[in-house]
Amino acid sequence: MASSNDVVLDVQQLQMRYGDTDVLHEVTFQAGRGEVLVMLGPNGAGKTTTIEILEGFRRRSAGRVDVLGADPEHGDEQWRARIGVVLQSWRDHAKWRVRELLAHLGSYYTPYSTHRTARPWDIDQLIELVGLTEQADAKIATLSGGQRRKLDVAIGIVGKPDLLFMDEPTAGFDPAARRDFHDLVHRLADLEDTTVLLTTHDLDEAEKLADRILILAGGRVIADGSPDELSRSIAGEAQVSWTVEDQRFVHTTTESTKFVHELFKQHGEAIGDLEVRRASLEDAYMTLVRRAESGEDTAPVHSLAEVTR
């Protein structure tokens, strides 16, 4: 966990209620400077509500939230200048040209640059960074879906934010653009010290990007840890499959090495097509969500060691 001086997001016992319905239940987590935190969870888990509260767009029902040293409900313009947001879609600016729009939006950050260690991006540098150099003078109406998404990312980081929120940022990206985006996120975190909180349904993307993964289900945090910790949280379970005399067998065990040893003692060379498959990140995610939705895990979990069973 980050030291107190490096904590950018500090969420404690966050609750949100609409009428008689609780959508967030005592959500607690932190994120440090330069950390990439990926938020996963099924639809309706509370991801968007959580992010909107952190951005200051929605008022919480209870709990404490500290974002860049301030309560987002009372953040001023200088505070907002330190935050970038990439929504699932941006309002239509079809008649603007790419460079023209980014320069216009970037100008809003200039008055606050003297209060920060990092200046806003040079616009041409930003355009190159997101991969829109060839479209710099094109009207936005002529951009493809993937290019429009790159522009959404550029708009989100035009002020070189200390904290960046991104909601499904790679929707519409082809594999090459997705890889370039991953490189961009790592550059922002590693070189610019930007803290990134993003949502995605792509577990492969989460594994590539995340320093930590936060899983929400039913408005609760059910797991919080690195991708490796998440995978190992159910790594004790392995699926062993084999054949004997053309019959196929499958067995799940927490002691795969011992089981395979006993299997060979019993059947020897008669064993064929032996395979031991350990849990992947996807397996871990699906297992943890299933447990939560079935009521096996009902309390918030803030360490993946607590979900190892």
Side-chain angles (χ1 to χ4, degrees), residues 8 33-38 51 55 68 77-200 202 205-206 208-210:
V8 172
R33 190 175 309 281
E35 185 173 22
V36 179
L37 179 63
V38 176
I51 289 180
E55 293 168 341
L68 291 170
E77 289 188 0
Q78 184 174 331
W79 176 82
R80 292 192 177 280
R82 300 175 62 194
I83 292 176
V85 178
V86 178
L87 302 173
Q88 288 193 17
S89 62
W90 187 254
R91 69 180 64 179
D92 193 2
H93 295 288
K95 294 182 180 180
W96 289 72
R97 298 183 187 276
V98 170
R99 181 186 283 109
E100 182 182 44
L101 176 62
L102 292 175
H104 174 72
L105 295 175
S107 68
Y108 287 106
Y109 293 89
T110 303
Y112 306 103
S113 61
T114 57
H115 301 288
R116 303 171 54 208
T117 56
R119 297 179 181 177
W121 290 104
D122 172 82
I123 296 305
D124 287 329
Q125 183 185 16
L126 174 62
I127 289 171
E128 181 181 2
L129 190 66
V130 299
L132 287 174
T133 300
E134 294 183 3
Q135 293 78 33
D137 295 311
K139 285 190 174 181
I140 293 172
T142 67
L143 300 183
S144 68
Q147 291 165 349
R148 288 288 292 265
R149 198 64 185 133
K150 290 180 180 179
L151 179 60
D152 291 341
V153 174
I155 290 169
I157 66 174
V158 68
K160 196 175 280 190
D162 295 319
L163 172 61
L164 178 61
F165 296 102
M166 295 192 283
D167 192 6
E168 298 286 340
T170 57
F173 277 9
D174 61 29
R178 189 181 300 267
R179 184 176 59 249
D180 290 342
F181 171 77
H182 294 170
D183 291 341
L184 170 60
V185 171
H186 288 305
R187 170 173 177 168
L188 291 172
D190 297 340
L191 301 182
E192 306 296 336
D193 231 11
T194 306
T195 301
V196 179
L197 174 57
L198 67 88
T199 68
T200 181
D202 186 332
E205 178 169 83
K208 285 183 170 67
L209 289 178

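Just the heavy atoms: all of them, side chains too, but no hydrogens, waters or symmetry mates, feed the values below.
A perpendicular orientation is assigned to the rings of Phe181 and Phe173, their planes being inclined by more than 60° (bins at 30° and 60°).
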Is there a side-chain contact (heavy atoms from CB on, under 4.5 Å) between Asp162 and Val8? Walk through the geometry before answering.
CA-CA 9 Å; Asp162 295 319; Val8 172; over 6 Å; no
Under the side-chain contact (heavy atoms from CB on, under 4.5 Å) criterion, do Gln147 and Val98 qualify, and how do the steps go?
CA-CA 10 Å; Gln147 291 165 349; Val98 170; over 6 Å; no
Between Arg149 and Val86, does a side-chain contact (heavy atoms from CB on, under 4.5 Å) hold up when you go through it step by step?
CA-CA 9 Å; Arg149 198 64 185 133; Val86 178; 4.0 Å; yes
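Leu151 places a side-chain heavy atom less than 4.5 Å from the side chain of Leu102. The side-chain heavy atoms of Val38 and Leu198, taken from C-beta on, include a pair separated by under 4.5 Å. Proximity of Asp180 to Val130: side-chain heavy atoms (C-beta onward) are nowhere separated by under 4.5 Å.
Here CG of Leu197 is found 9.0 Å from CG of Leu164. Values are rounded to the nearest 0.5 Å. Between atom CZ of residue Arg82 and atom CG of residue Leu68 there is a gap of 4.5 Å, rounded to the nearest 0.5 Å. One distance of note links OG1 of Thr199 with CG of Asp167; it measures 3.5 Å at 0.5 Å rounding. Within the model, atoms NE2 of His104 and CD1 of Ile155 stand 11.0 Å from one another, a figure rounded to the nearest 0.5 Å. Here the CH2 atom belonging to Trp121 is positioned 13.0 Å from the CD1 atom belonging to Ile127, to the nearest 0.5 angstrom. Residue Leu129 holds its CG atom at 5.0 Å from CZ of Arg187, rounded to the nearest 0.5 Å.
The minimum heavy-atom distance between Ile83 and Pro161, with the atom names listed, is C-CB, 3.7 Å. Closest approach of Thr142 to Ala138, counting heavy atoms only: OG1-CB, 3.8 Å. Contact record, Thr200 with Ala206: CG2-CB, 4.2 Å, taken as the closest heavy-atom pair. Of all non-hydrogen atoms in His182 and Glu205, the two that sit nearest each other are NE2-OE2, 3.0 Å.
Of the charged side-chain nitrogens involved, at least one lies within less than 4.0 Å of a carboxylate oxygen, so that Asp202 and Arg178 count as a salt-bridged pair.
Within 6.0 Å of the CD atom in Glu134, the count of heavy atoms belonging to other residues, nucleotides or ligands does not exceed 12.
Panel note: side chain Arg33, backbone Thr195; no donor-acceptor pair is recorded below 3.5 Å. Using a distance-only test at 3.5 Å, with no hydrogens or angles considered, a donor-acceptor pair links the side chain of Arg97 to the main chain of Asp137.
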